[in-house]
Amino acid sequence: MQGHDEDVHFSSSSIRIQSPPFKEHTLLTNLQSCSKTLLSHLSNTRHSLNRVFESLNNRHNPTPPRLTQTRPVRRSNSPTQMLSSVTQLMIGNSSTMSLSLSLIQSSSIQLNWTDSGAENTEITRGLNSPLLCCASLSLTRPNESVEGKDVTQQQKGHSVSRNAEERVLISEVLVRTKDGEELERKDLEMEALTALKACRANSALTIREVQEDVHRIIESGYFCSCTPVAVDTRDGIRLMFQVEPNQEFRGLVCENANVLPSNFIQEAFGNGFGKVINIKRLEEAITSINGWYMERGLFGIVSDIDTLSGGVVRLQVAEAEVNNISIRFLDRKTGEPTKGKTSPETILRQLTTKKGQVYSMLQGKRDVDTVLAMGIMEDVSIIPQPAGDSGKVDLIMNCVERPSGGFSAGGGISSGITSGPLSGLIGSFAYSHRNLFGRNQKLNVSLERGQIDSIFRINYTDPWIEGDDKRTSRSIMVQNSRTPGNLVHGNQPDNSNLTIGRVTAGIEYSRPFRPKWSGTAGLIFQHAGARDEQGNPIIKDFYSSPLTASGKTHDDTLLAKLESIYTGSGDRGSTMFAFNMEQGLPVLPEWLCFNRVTGRARKGIHIGPARFLFSLSGGHVVGNFSPHEAFVIGGTNSVRGYEEGAVGSGRSYVVGSGEMSFPVRGPVEGVIFTDYGTDLASGNTVPGDPAGARLKPGSGYGYGLGVRVDSPLGPLRLEYAFNDQQAGRFHFGVGLRN
C-alpha cells in the first residue's frame, strides 16, 4: 500500500517476511525498544569510569607534569581528581585540556583528555565495557613521564564518587553541531536547550550533572548523539553540547502487517512526515498500533523498528496466524480426553476462525458462544499454543458434551380457555434428541394435553444443511392439534364449546442473510375443521355463522410462507421487527386462496433505572379464508383488561402497547402499562360476522400495573388491568408479550 503527502512518500510493504518465532506467553513482553535510550547505562558507565580511575592509580609517574593555569583554580591532588572538574583539566605549560563525553546511540561512550598545546602524540589507557547499545569507554591523556611515582602515591585514597561531585564554574552553555558549527534549525537548538536542567551559564556543575543533561537531550527524541565539550576561553569555561539531529521522516515501510489497515498506519505516523524523526513520537505511534491489536483481541505487536538511509523508517510487525484447529473432547466427570459423539466437522464449520487468519481472542470468544448455542455442549474453551518455531499458533478447542437426549415433562397455561375448574391448565410430555448422527440434528416428539387443548407434534430440525455455505437450516413438522374455538366463536348462549381441529405438515428453510436479519421460506399444508363437545364435525355455530370457508366440514389450505425477522441485540426489550406473508395456493379448486400479511415491531428505551417498551403489531387478510383464522383482539398478549378475543375479530387489526418497568428488589420488577387495539371496522367482513353476532366493540383500551419475576422459564407476569368499560381483570403469563 502506498500514499503520498506532498513530497512525502508512504509505503507499506506487502512482501511477507518471516517474523520471529511467536510465543504466546512472551510475545507481548518481548517488544524490542524502538528508541535507544541510554538511561539504563548510567550505572554501567560510572562503573567503567571507576575502573579507569583505578587503572590510573596503579600507574607510576615519578615526575608529574608541571601544572600551570591562566586563571586561579584549585590544584589537583591526583589525576583522578582531575576527572571531576573541568578546571583541573588544564595541565602543563600553557596547555588547554578539554573533557569530551560522547553518548552516541548504537556507537560508543568516550571520555577524552586532549592536550591542545602538545603534538599529536597520545597515550591511551582505557577500558572497553560492552553495553546494551554497544557502548565503549576510553580515556586519553598527554604523554606522561615515567617519573611520577610521588604523584601516583598521592592519588591513592581519594574517592571517585567524591571527584564526581566536585563542581566547576561554567560561564557559557552552547548547542552546536558535531563539527562545532551553529545548527541550521533553530527549533532543534531550542529543543536541546529546553531539555537542559542543570547546565546553565554562570553555574557550577559536576560531571554527573553534565551526564544527566546529555541523557535529557537524547531523551528529547530529536538527536541521535550528543557530546559535551568543555573549553577554557578568555571569558571562562565554555560548555558546548555537540549534537547530531535525527534524519527527516521521508517514508515508512511496514512489513508483515497483514490485517493492520493502511489508513491507521498513516494516521499514526502522518503528523511526522517531513519533520525530524522524534523517538518519543515513534514510541507513541507504536503504542497506538499495539493498542489497535489489543482492542480487537488480535495476536499482533510491533516487533522491531529501524531507521534506514534517506529518512525511511522500517516497521516490523509480528502477527500470529492460525496454523491448525483441533477438537478435543473431555469427560464430564474426570475432565480427561475421551471419544466424542459429535463429528468434529460439525463443530469446525461453526467457527469463524479459520486457518491462515491472525488469531483474535474476541473472535475466539464468539466462536465459543456459537458452539455453546448449538445446545449439545456443556462447556467449551479454546487454548492457543505455539506451533513450533513457525511464529504461528495451534488452537485446541476443548468440548464437554451434554447428554444427547431424554424425556421431559412439564405444564403451562392456555390463553384460549377462560372458564372451567381447570381453566387453561395443560400438561406436557416430550422426548428429544439433540444430536442425531453426531451432526447436531434435532428430533422432538411432544404431547400436550389440557382440559380441551391437545397437541401432538413431531419436529425434525437440521440447523445447518450439510454442504451449504449460507448456514441454511431445515425444519420438517407434522402436527395434530385441537384448540378452543371460543376466541372467535365463543360466548354461545347454550354455554357449549367448540374446538378447532387441525392436521398440519410442512417444511421450512431458514438462513441469516444480513447481520441481525434472518429469513424463512416454507410450504405448509393444513386440514382444519370445527367439532362440538362430543367430537362431531359441525359447520355452523349457535348464531348460524359458518365455521368453514368452503361450507364443508373442513377446509384444506396449502400455504407458501415468507418471513423476515430483525432481532437487534436479542436482549429483553431490545429492538425487534418481524414481517410475515402467507399465500394460499389453490392447487385444487376446493383449496382456499387468500393472502395474509402481518407485522410486529418493538423498541426499548432505558432512562435511568426505568425501561420503556413500546410495541406495535398489525395485519390484514385478502381473499377467502376460514372464519376461525380471523385476527383476534383482546387478552393477555393483546389488550389487557379484556378476556381473550373480547375486543373483536376481523380481517384487519392494529394493537399498540406502552409500558414502563422499574426494578423493585432482586429479580422482581414493577410495571405500569396501557394497551389499545382495533379491528379497523373489519369485523363484519369476516364470513358470518362472528364478532358482530357477539356484540364485540371492535376497539378498546386497557391500563394497569403488575409485577414480573425472572425465572428459568422466562419472565413470570402477574398483571391487573382495567378496560374502557371500567371492568378489572387479572392476567398471568409466561415469557414476553408477542
Side-chain angles (χ1 to χ4, degrees), residues 16 18-31 256-260 290 292-303 317-405 434-442 462-469 471:
R16 297 183 56 188
Q18 184 65 34
S19 60
F22 175 81
K23 302 291 183 179
E24 180 195 355
H25 59 285
T26 60
L27 179 60
L28 296 178
T29 58
N30 286 343
L31 176 61
N256 302 328
N258 298 322
V259 298
L260 187 65
N290 292 336
W292 185 90
Y293 282 106
M294 186 174 298
E295 289 174 1
R296 288 154 182 79
L298 295 169
F299 273 27
I301 199 169
V302 177
S303 60
V317 177
E319 296 177 344
E321 296 180 353
V322 177
N323 179 64
N324 187 43
I325 306 174
S326 59
I327 306 298
R328 179 169 61 187
F329 295 97
L330 303 179
D331 187 83
R332 297 177 64 242
K333 297 180 179 179
T334 64
E336 298 295 327
T338 186
K339 184 177 180 180
K341 300 178 182 179
T342 307
S343 169
E345 291 75 14
T346 301
I347 301 175
L348 290 174
R349 68 176 181 172
Q350 299 284 340
L351 308 182
T352 57
T353 300
K354 304 297 181 182
K355 295 180 182 179
Q357 293 181 350
V358 177
Y359 178 58
S360 167
M361 292 181 290
L362 297 180
Q363 188 177 10
K365 183 180 183 301
R366 289 192 296 268
D367 287 338
V368 168
D369 294 338
T370 300
V371 175
L372 288 173
M374 295 169 63
I376 60 177
M377 298 297 169
E378 190 172 278
D379 186 38
V380 179
S381 61
I382 293 181
I383 301 177
Q385 294 182 344
D389 296 330
S390 63
K392 301 182 178 181
V393 293
D394 289 332
L395 301 181
I396 300 177
M397 174 170 279
N398 291 328
C399 299
V400 179
E401 293 179 303
R402 298 174 59 185
S404 57
R434 304 183 184 92
N435 195 13
L436 280 176
F437 315 116
R439 298 186 178 276
N440 193 33
Q441 299 173 5
K442 306 180 187 303
D462 185 355
W464 191 343
I465 300 175
E466 186 175 359
D468 178 77
D469 60 349
R471 302 182 70 92

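All values below were derived from every heavy atom in this structure, side-chain atoms included, with hydrogens, water molecules and symmetry-related copies excluded. The model shown is predicted, which means the values in this text are computed figures rather than measured ones.
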request  = Apply side-chain contact (heavy atoms from CB on, under 4.5 Å) to the pair N398 and I396, showing each step before the final yes or no.
outcome  = CA-CA 6 Å; N398 291 328; I396 300 177; 3.8 Å; yes

task = Any chance you could lay out the salt bridge (Lys or Arg N to Asp or Glu O under 4.0 Å) test for E378 and R332, step after step, and finish with the verdict?
result = CA-CA 8 Å; E378 190 172 278; R332 297 177 64 242; 3.0 Å; yes

message = For I301 and V317: C-alpha separation, side-chain torsions, deciding distance, then whether side-chain contact (heavy atoms from CB on, under 4.5 Å) applies.
response = CA-CA 6 Å; I301 199 169; V317 177; over 6 Å; no

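Note: I347 CD1 to D367 CG = 12.0 Å, rounded to the nearest 0.5 Å. In this structure, the separation between NZ on K365 and OG on S360 is 11.5 Å, given to the nearest 0.5 Å. Atoms CG and CH2, from N290 and W292 in turn, are 11.5 Å apart once rounded to the nearest 0.5 Å. The distance from atom CZ of F329 to atom CE of M397, rounded to the nearest 0.5 Å, is 10.5 Å. Atom-to-atom distance recorded for D379:CG and C399:SG is 9.0 Å, nearest 0.5 angstrom. If you take OG1 on T342 and CZ on R402, they are separated by 11.5 Å, rounding to the nearest 0.5 Å.
Using modelled atom types and a 3.5 Å distance limit, the side chains of S326 and D394 yield no donor-acceptor pair. At a cut-off of 3.5 Å, with distance as the only test, no side-chain donor of E319 or Y359 sits close to an acceptor on the other residue. Looking at N323 and K355, their side chains never bring a donor and an acceptor atom within 3.5 Å of each other. Side-chain polar atoms of T346 and N440 form no donor-acceptor pair below 3.5 angstrom. Looking at T370 and Q350, their side chains never bring a donor and an acceptor atom within 3.5 Å of each other.
Looking only at side-chain heavy atoms (C-beta outward), T353 and I325 come within less than 4.5 Å of each other. Annotation: side chain of M361 is in contact with side chain of F299 (closest heavy-atom distance under 4.5 Å). Taking the side chain as every heavy atom from C-beta outward, V322 and L395 approach each other to under 4.5 Å. Under the 4.5 Å side-chain criterion, counting only non-hydrogen atoms from C-beta, V259 is in contact with L298.
In this structure, the side chain of N435 engages the main chain of R439 through a donor-acceptor pair within 3.5 Å. Of the possible polar contacts, one joining the R349 side chain to the W464 backbone as a donor-acceptor pair under 3.5 Å is found. Panel note: side chain Q385, backbone V393; no donor-acceptor pair is recorded below 3.5 Å. With hydrogens and angles ignored, the 3.5 Å screen pairs a side-chain donor or acceptor of K354 with a backbone N or O of L351. Looking at K442, its side chain does come within 3.5 Å of a backbone N or O of R434 through a donor-acceptor pair.
Contact record, L362 with E295: CD1-O, 3.4 Å, taken as the closest heavy-atom pair.
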Show me the side-chain donor-acceptor pairs of residues 333-341 shorter than 3.5 Å, one per line, residues at least two apart or across chains.
| unit_1 | atom_1 | unit_2 | atom_2 | d |
| --- | --- | --- | --- | --- |
| T334 | OG1 | D331 | OD2 | 3.3 |
| T334 | OG1 | E336 | N | 3.3 |

